[in-house]
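Notes follow the structure.
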Amino acid sequence: MILGVQRLVHDRVAAAIQRQFAVTDVPAFTVEVPPGRALGDLAVPVAFQLARTLRKAPRAIAQELAGALGTIPGVARVVATPNGYLNLYLDRPAFLVDRVVPARAARLGEDLDRGPSAKTIVEHTAINPNKAAHIGHLRNAALGDTLVRALQYRRIPVEVQNYIDDTGVQVADVIVGFLEIERLSIDEVRRLADSTRFDYYCWDLYARVTEWYEGDKARLEIRAATLRDLEHGARPVSELGAFIVDRIVRAHLKTMARLNIGYDLLTFEGDILRLKFWAHAFDILKAQGAVFLQTEGRLEGCWVMRIEDEADGGADAAEDESIEPSGESIEPKGESIEPKGESIEPVKDAAAREKVIVRSNGVVTYVGKDIANQFWKFGLLGRDFRYHRFADQAGGRTLWATTSLEGEAGAPPFGRASRIYNVIDSRQMYLQALLGQALRTLGHPREAENSIHFSYEMVALSHDTARQLGYPEDTGERKPFVEVSGRKGLGVKVDDLLDLLAEKAAGEVARRNPTFSAEECRKVGDAIAVGAIRYFMLKFSRGTLIVFDIDEALSFEGETGPYLQYAVVRANNIFQKLKERDGLTEAAMLEGLERASAEELADEGAEADPHNLWALVFEASRLDDVVDQVVRSLEFSVLAKYAFGLAQLFNAFYHRYSILNEERADRRQWRAAGVAYVRQQLSRALDLMGIGVPARM
RNA sequence: GCGCCCGUAGCUCAGCUGGAUAGAGCGACGGCCUCCGGAGCCGUAGGCCACAGGUUCGAAUCCUGUCGGGCGCACCA
């Protein structure tokens, strides 16, 4: 709850510049938070920018500006520093009272409402429905779900979609496993599914199928045939496929629900095919000349899309064209001639600029289907799915699914968004760029601009962890990590990890709380496990490859989710104690706060304790500013680090200052108000990360 | 070869649209429970921010190049 103040300061300073210096177009400038409270609460470095045009020293400009500013509501004083900064000190008591007294806080909240925003779709998770979810999938879901929460915090209407590739090779592989390796009938598979951890079973089977193919390459024919049957809805295969997909998708949903992750809509790829979305999109693409039939060379008989140079990633800045430095030939220096294929080099080069959309056998590729899907999301396809209720989720939230059969009444208006975030790891950047290109080619530059590939690096395993999982050391491997591979069955399953964390956490809870029942320990342990794993997934910036180490992830100390949860629990305990000991509620404690002497907040200057009450309150207020940054940069590590820093600040404060045991009533009251505020803000920050806080732990 | 990402403390990583002294966790070493819970707090040691240029009042941050690493560039998704 600091953004409003920042905006106000910005506007007042801009106005003062215009008045004082007769500048018509004020340069863009920032209102920032100085490194320590001794330098004020907000700082404006605009004098540096003005120095050149005004031909004056920054210091002189800052001083004039400070004088011309007049009073700003909520700002106690403005100081021009010797080097040219404008430092602003807030009216501390009013600031805290505004945020902690319910009536006033409600008014602040209205700041956030800035009219109806355009609808946004976030697509995340999208795990192939043929095996259990692993930690790579978890990073996707954790990032996606946090994005959703952050957008909702900014009051942006969000629709969460989970794309289900029910007609792809991966599902086909498991079908092959059941039919060809295990030789099971559908009924036998059903029985198996009812009597085992089916997603785990398929995990192993999928790895076995991979080996089976390697045993005899001719078996790949079976895979191709199975895939064809799956796409065309041919009887035994498609029926088994539908069963497997349904069971695995439900397993994934259950796993994600443990992590407080839910969805609004499951989009089944099969429905895109059956409802002829692709056929329709294909007509559009052909009519506009976005795809053409290649009549020669390697790709003869394929419908291809030409890849343009500027089809770079969507999430990043739209740059103005860089000047080409004239196409002189780059000398291939020395001996770098490949041992083989020298004659196909140029052909390969030309063909590399074309992407196959429809194979020569007439089967559409993933890209084609995804283009159709993206068009539908923007409401550009002129067609819609039918929908049915798929499941009930936590908090009464209904999960819908697409269908090509009879639809169910009461479905919300899905799709038709003006902005789309596709959460997919960076390896698919190339394909995501194609989506933007297709939109641009068809005359939808704005939609292309709003097709955002939320890209992040993959999760790999540390050698230690791979060894612990029983995977043999790859001696030829020199990389510092081991890549997760569903195909090889190499990875840490989400549920296994959660179980491990929950068990460890429950043990700790039991040790620390001898009076807790086993049930309580289990519940609290679950919450801690979620905190640990979700925080772990968010603390790295998205461009960082996570080398997952099980021992590191199992830690509950230092920069971890449980540390954050513990900070809130401590704050809770204070008010709990207040009630038990003095019979006072939080509201009663804060009664008459604005009339109490605010000496506690007055401590100022360079010698002030950097962990004092004001430092804590001010930091807690920055949440909205942080979320703003997070949504702009899609960098959730910023949120994670902020929350951690706030918890650290609170813990330090907690150790240094008594709250309930403070003798002076006014100090006690202000401290309690600060703690109440920090608890509220920290809880919100945790909620944005999908982390709940147990009452005790 | 082309494209994207990364290179910051012993290890793992933050550092947001350039701003005031480069941070955290872990590990190491040393302290702190008559007082709201020690999943905690305090302190010490540890950095040519890969390298070289450039832009700027100001660069870990922006630009160019070099070196080193990762990932993409399929009639897979």
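Order of the sequence lines fixes the chain letters, A, B, ..., with proteins taken first and strands second; residue numbering starts at 1 for each chain.
Comparing B:A20, B:A77, B:C71 against the side chain of A:M458 picks out B:C71 as the nearest. In this structure, the nucleotide among B:U17, B:G70, B:A77 sitting nearest to the side chain of A:T365 is B:A77. Closest approach to the A:T81 side chain among B:C13, B:A20, B:C71 is made by B:A20 (side chain taken as heavy atoms from C-beta onward). Considering only the side chain of A:F540, B:C13 comes nearest among B:C13, B:G3, B:A20.
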List, with names and distances, any nitrogen or oxygen atoms from the protein found under 3.5 Å away from nitrogen or oxygen atoms belonging to nucleotides 55-58 of chain B.
from	atom 1	to	atom 2	distance (Å)
B:C57	OP1	A:R52	NH2	2.3
B:C57	OP2	A:R52	NH2	3.4

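Rounding to whole angstrom units, CG of residue A:L434 and P of B:C73 are separated by 11 Å. For the pair A:Q428 CD and B:C73 P, the interatomic distance rounds to 10 Å; values are reported in whole Å. For the pair A:R542 CZ and B:C6 C1', the interatomic distance rounds to 14 Å; values are reported in whole Å. With rounding to whole Å, A:D551 atom CG is found 13 Å from B:U12 atom C1'. Atom CZ in A:R228 sits roughly 13 Å away from atom C1' in B:C75 (whole-Å rounding). Separating the CH2 atom of A:W278 from the P atom of B:A77 is a distance of 12 Å, rounded to the nearest angstrom. With rounding to whole Å, A:L545 atom CG is found 19 Å from B:C4 atom P.
Remark: A:E559 engages A:K641 in a salt bridge, criterion side-chain N to carboxylate O under 4.0 Å.
Listed by first residue number, the stems of RNA chain B with at least three Watson-Crick or G-U pairs below 3.5 Å are B:1-7 with B:67-73, B:10-13 with B:23-26, B:28-32 with B:40-44, B:50-54 with B:62-66.
Looking at A:Y642, its side chain does come within 3.5 Å of a backbone N or O of A:L623 through a donor-acceptor pair.
Aromatic ring orientation, A:F540 versus A:F536: perpendicular (interplanar angle above 60°, classes split at 30° and 60°).
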Letter per nucleotide, 5' to 3', of nucleotides 31-44 of chain B [B base touched, S only sugar-phosphate touched, - untouched; heavy atoms, 4.0 Å]: ----SBBSBBSS--
